[in-house]
Amino acid sequence: MLNSLNQKNCLLTSSQMKVASGRYHTLLARGSSVYSCGSNLCGVLGHGSDTTQCVAFSRISLPTSSPVIHLSANHNHAAFVTRSGEVYTCGGNTSNCCGHGDINRPVFRPRLVDALEGIPCKQVAAGHNFTMFLTAEGHVYTCGTNSSGQLGHGDNVDRSTPKLVEFLKDAGAMVQISAGPTYALAVADDGTVYSFGSGTNLCLGHVEQQNSLQPHAIAKLKRSGVQIVSVSAGDEHVVALDSSGYVYTWGKGYCGALGHGDEIDKTSPELLTSLTAHLAVQVCASKRKTFVLIEDGSVYGFGWTGFGSLGFPNLRPSDKVTKPRLLDSLKGHQISQISTGLYHTVAVTRKGRIFGFGDNERAQLGHDMLRGCLEPTEIFVPETALMVVPASKC
């Protein structure tokens, strides 16, 4: 089952379209081009310092012809990996999280991370003022702020350029990474999950709330023989997918984000029993909400309904969904990927259509005239976005 599920995940992540939802912006890779929309706070959209907002998807001018195969969006910075293994970053550069050395100022257009020259990468994960890089060989590098040990180097020293996480070298090849606000997760090829950084919200899965300055395996999963294939680090909780298509959650239970029918915190991973009859293929967590994508293209959501970003248009903003509930609003669309930001969510169908719902105050859903979308609303890439246009015309 591990190999078959890995193949399904590969199909999800290697398709022609990839999306990443940040705080007030969205990134999209389609074919050989990459686009962004929403707020350009600190230059996160990659269109230069003259742009404040893009009300529709606008093409980013990357200094390479190699297609983007992976991207990551967080609060104020973004990262892109190309097919050739190069990494580009832009946006807020607090604590030098963009990895360009001691420039400590915003990077308004995507810039090559020179420190990784000759080290091909396949994934990136943007946390709050820090970044993770996964190499083709399965090694993890980190840079940026390290106040809680989220860089995994055994100390609290910030790094201005990517540094190899030595503690993971003997743990086998890593196959996936995910960055929370102040903590980090890495999945090894044997299904072991390693966590490090802030333990404040119980996201490390080690029972206690202490910070961890270096990676440690999550003991409960390892003892149970559970092989995890992917994880998603939310603001205050974590959701994980195993090789059998089962889902696990842990961390803070605010608004039912863990999906167990209550708001009780979980100090270590707990199986989501209500979904064991389904084969999950992708999991996604953000601010007090969680999505689980099923093999047939349907989506379940649970947690906070604020701004309509959970996808249940008939619920009030103060409502809570404490158990997985099918998103009827996406019925009829076979979803291939879902990504959720702070107050908005974007889903891509197997036919390549894009739908968004939730807050659109800063045009993060790619619509000019709508303040929000309670119902999934189709997002289009304007014809003008197929050409590189001056940033002031976003």
Asks: Spell out, yes or no, whether Tyr194 and Val207 are grouped together once hydrophobic residues are joined by side-chain heavy atoms under 4.5 Å, including indirect joins.
Replies: no
Asks: Looking only at side-chain N and O atoms, does His77 offer a donor or acceptor that is under 3.5 Å from a partner on Thr89?
Replies: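 Side chains of Thr89 and His77: no pair found under 3.5 Å.
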Asks: Is there a side-chain contact between Val187 and Val229, using heavy atoms and a 4.5 Å cut-off?
Replies: no
Asks: Would you say Gln364 and Asp359 are linked by a side-chain donor-acceptor pair, where the criterion is simply a distance under 3.5 Å?
Replies: yes
Asks: Hey, does the side chain of Ser36 reach the backbone of Leu27 with a donor-acceptor pair shorter than 3.5 angstrom?
Replies: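 Not at all, since once roles are kept as given, no pair shorter than 3.5 Å links the two residues.
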Asks: Is there a side-chain contact between Ile354 and Val346, using heavy atoms and a 4.5 Å cut-off?
Replies: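 Side-chain contact under 4.5 Å: yes.
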Asks: Show every salt bridge (charged side-chain N to carboxylate O under 4.0 Å, His left out) that has at least one partner inside residues 217-230, sequence neighbours left out.
Replies: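 Residue pairs passing salt bridge (charged side-chain N to carboxylate O under 4.0 Å, His left out), neighbours aside: Lys220-Glu270.
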Asks: Return each pair, listed once, that meets ring-ring contact (aromatic ring centres under 6.0 Å, His included) where at least one residue sits in residues 120-169; pairs must be two or more places apart or across chains.
Replies: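 Residue pairs with at least one partner in residues 120-169: His75-His128.
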Asks: Could you pull out the closest heavy-atom pair between Pro110 and Gly46, with the gap in Å?
Replies: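 That closest heavy-atom pairing would be CD-O, 3.5 Å.
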Asks: Any sub-3.5 Å donor-acceptor pair from Asn76's side-chain atoms to Cys42's backbone N or O?
Replies: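 Such a contact is absent between Asn76 side chain and Cys42 backbone.
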Asks: Looking at Tyr24, does the NZ or CZ of Arg362 lie under 6.0 angstrom from its six-membered ring centre and within 45 degrees of the ring axis?
Replies: yes
Asks: How far does CG of Leu293 sit from OG of Ser298, to the nearest 0.5 angstrom?
Replies: 7.5 Å
Asks: Between Val124 and His70, is the side chain to side chain contact (heavy atoms under 4.5 Å, CB included) condition met? List the steps.
Replies: CA-CA 7 Å; Val124 283; His70 195 263; 3.8 Å; yes
Asks: When you measure from the side chain of Ser58 to the backbone N and O of Ala56, does any donor-acceptor pair fall under 3.5 Å?
Replies: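 It does hold such a pair.
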Asks: Name the atoms and distances for all side-chain donor-acceptor pairs under 3.5 Å in residues 251-261, with sequence neighbours left out.
Replies:
unit_1	atom_1	unit_2	atom_2	d
Lys252	NZ	Asp265	OD2	3.2
His260	NE2	Thr249	OG1	2.9

Asks: Kindly give the cluster partners of Leu45, where membership spreads through any ILVMFWY side chain lying under 4.5 Å from a current member.
Replies: Val44
Asks: Any link between Phe108 and Ile60 through a network of hydrophobic side chains (Ile, Leu, Val, Met, Phe, Trp, Tyr) touching at under 4.5 Å?
Replies: no
Asks: For Gln150, is there any backbone N or O sitting under 3.5 Å from a side-chain donor or acceptor partner on Ser148?
Replies: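 A pair under 3.5 Å: no.
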Asks: Return the set of residues passing side chain to side chain contact (heavy atoms under 4.5 Å, CB included) with Thr64 (not counting sequence neighbours), or none when no residue passes.
Replies: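 Thr64 satisfies side chain to side chain contact (heavy atoms under 4.5 Å, CB included) with Leu62, Ser66, Thr82, Glu86, Tyr88 once adjacent residues are dropped.
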Asks: What's the spacing between Met174 CE and Leu185 CG if we round to 0.5 Å?
Replies: 12.0 Å
Asks: Show the numbers, then the answer: is there a side chain to side chain contact (heavy atoms under 4.5 Å, CB included) between Ile218 and Trp250?
Replies: CA-CA 11 Å; Ile218 297 181; Trp250 64 94; 3.6 Å; yes
Asks: Taking only residues at least two apart or on different chains, which pairs with a member in residues 35-46 satisfy salt bridge (charged side-chain N to carboxylate O under 4.0 Å, His left out)?
Replies: none
Asks: For Arg350, does the CZ atom sit with more than 12 other heavy atoms under 6.0 Å from it, leaving out its own atoms?
Replies: yes
Asks: Sort and list the pairs that fulfil salt bridge (charged side-chain N to carboxylate O under 4.0 Å, His left out) and have at least one residue in residues 326-338, not counting sequence neighbours.
Replies: Asp328-Lys331
Asks: How close do Cys98 and Gly92 get, counting heavy atoms only, and between which atoms?
Replies: SG-O, 3.7 Å
Asks: Would Val283 and Thr290 satisfy side chain to side chain contact (heavy atoms under 4.5 Å, CB included), going step by step from the backbone distance to the final call?
Replies: CA-CA 8 Å; Val283 291; Thr290 308; 5.8 Å; no
Asks: Please check if Leu275 and Leu330 belong to a single hydrophobic cluster, counting links between Ile, Leu, Val, Met, Phe, Trp and Tyr side chain heavy atoms closer than 4.5 Å.
Replies: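 Yes, one cluster joins them.
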Asks: Return each pair, listed once, that meets side chain to side chain donor-acceptor pair (under 3.5 Å) where at least one residue sits in residues 201-218; pairs must be two or more places apart or across chains.
Replies: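 For residues 201-218: Ser195-His206.
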Asks: Before giving the answer on side chain to side chain contact (heavy atoms under 4.5 Å, CB included), spell out for Ile177 and Val140 the whole-Å C-alpha distance, their side-chain angles and the decisive distance to 0.1 Å.
Replies: CA-CA 8 Å; Ile177 53 175; Val140 177; 4.0 Å; yes
Asks: Looking just at side-chain N and O atoms, do Ser286 and Thr340 make a donor-acceptor pair shorter than 3.5 Å?
Replies: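 Checked: Ser286/Thr340 side chains show no N/O donor-acceptor pair below 3.5 Å.
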Asks: Less than 4.5 Å apart, any side-chain heavy atom of Thr276 and any of Tyr246?
Replies: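 Yes. Closest side-chain heavy atoms under 4.5 Å.
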Asks: What's the spacing between Leu116 CG and Cys143 SG if we round to 0.5 Å?
Replies: 8.0 Å
Asks: Taking all non-hydrogen atoms of both residues, which atom of Thr322 and which atom of Asp262 are closest, and how far apart?
Replies: CB-N, 3.8 Å
Asks: Could you grab the distance from atom CG of Leu204 to atom OG1 of Thr267, nearest 0.5 Å is fine?
Replies: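 Result: 11.5 Å between the selected atoms.
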Asks: Filter on side chain to side chain donor-acceptor pair (under 3.5 Å), then keep only pairs touching residues 311-320, sequence neighbours left out; what's left?
Replies: Glu263-Lys320, Arg316-Asp319
Asks: Which pairs count as salt bridge (charged side-chain N to carboxylate O under 4.0 Å, His left out) when at least one residue sits in residues 367-379, sequence neighbours excluded?
Replies: Arg353-Glu378, Glu361-Arg371
Asks: Could you check whether any side-chain N or O of Ser232 sits under 3.5 Å from a backbone N or O of Ala285, counting only pairs where one atom can act as donor and the other as acceptor?
Replies: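 Looks like yes, one N/O pair under 3.5 Å.
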Asks: Do side-chain atoms of Asp158 reach the backbone of Asn146 as a donor and acceptor pair under 3.5 angstrom?
Replies: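 It does hold such a pair.
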Asks: Looking at Val175, is its backbone amide N or carbonyl O close enough to the side chain of Gln123 to form a donor-acceptor pair, meaning the two atoms are under 3.5 Å apart?
Replies: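 Yes, Gln123 side chain to Val175 backbone: donor-acceptor pair under 3.5 Å.
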Asks: Linking I/L/V/M/F/W/Y whenever any side-chain heavy atoms sit under 4.5 Å apart, do Leu213 and Leu164 land together?
Replies: no
Asks: Is there a donor-acceptor pair under 3.5 Å between the side chain of Ser39 and the backbone N or O of Gln53?
Replies: no
Asks: Answer yes if Leu374 and Leu310 sit in the same cluster of Ile, Leu, Val, Met, Phe, Trp and Tyr residues linked by side chain heavy atoms under 4.5 Å apart, and no otherwise.
Replies: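 Different clusters: Leu374 never reaches Leu310 through Ile, Leu, Val, Met, Phe, Trp or Tyr contacts under 4.5 Å.
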Asks: CD/Glu117 to CG/Leu112 distance, rounded to the nearest 0.5 angstrom?
Replies: 7.5 Å
Asks: Could you check if a side-chain atom of Thr377 sits within less than 4.5 angstrom of a side-chain atom of Leu365, using non-hydrogen atoms only?
Replies: no
Asks: Between Ala280 and Val292, which heavy-atom pair has the shortest distance, and what is it?
Replies: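 Answer, listing the atom of Ala280 first, then Val292: CB-CG1, 3.6 Å.
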Asks: Write down the atom of Ala115, the atom of Thr161, and the distance for their closest heavy-atom approach.
Replies: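 In this case the closest contact between Ala115 and Thr161 is CB-CB, 3.9 Å.
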Asks: Testing the basics here: between Phe80 and Val34, what is the closest heavy-atom pair and its distance to 0.1 Å?
Replies: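 Closest heavy-atom pair between Phe80 and Val34: CE2-CG2, 3.8 Å.
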Asks: Which pairs pass ring-ring contact (aromatic ring centres under 6.0 Å, His included) with one or both residues in residues 276-314, sequence neighbours excluded?
Replies: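 For residues 276-314: His278-Tyr300, Trp304-Tyr343, Phe307-Tyr343.
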Asks: Keeping the roles fixed (side chain from Ser21, backbone from Ser339), state whether a donor-acceptor pair exists under 3.5 Å.
Replies: yes
Asks: Does Asn360 use its side chain to pair, donor to acceptor, with the backbone of Leu370 at less than 3.5 Å?
Replies: yes
Asks: Working to the nearest 0.5 Å, report the span between SG of Cys121 and CD of Glu137.
Replies: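 Here the rounded value is 10.5 Å.
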Asks: Please, which pairs that meet ring-ring contact (aromatic ring centres under 6.0 Å, His included) have at least one residue in residues 344-383, sequence neighbours excluded?
Replies: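 Passing the test, one end in residues 344-383: His333-Phe355.
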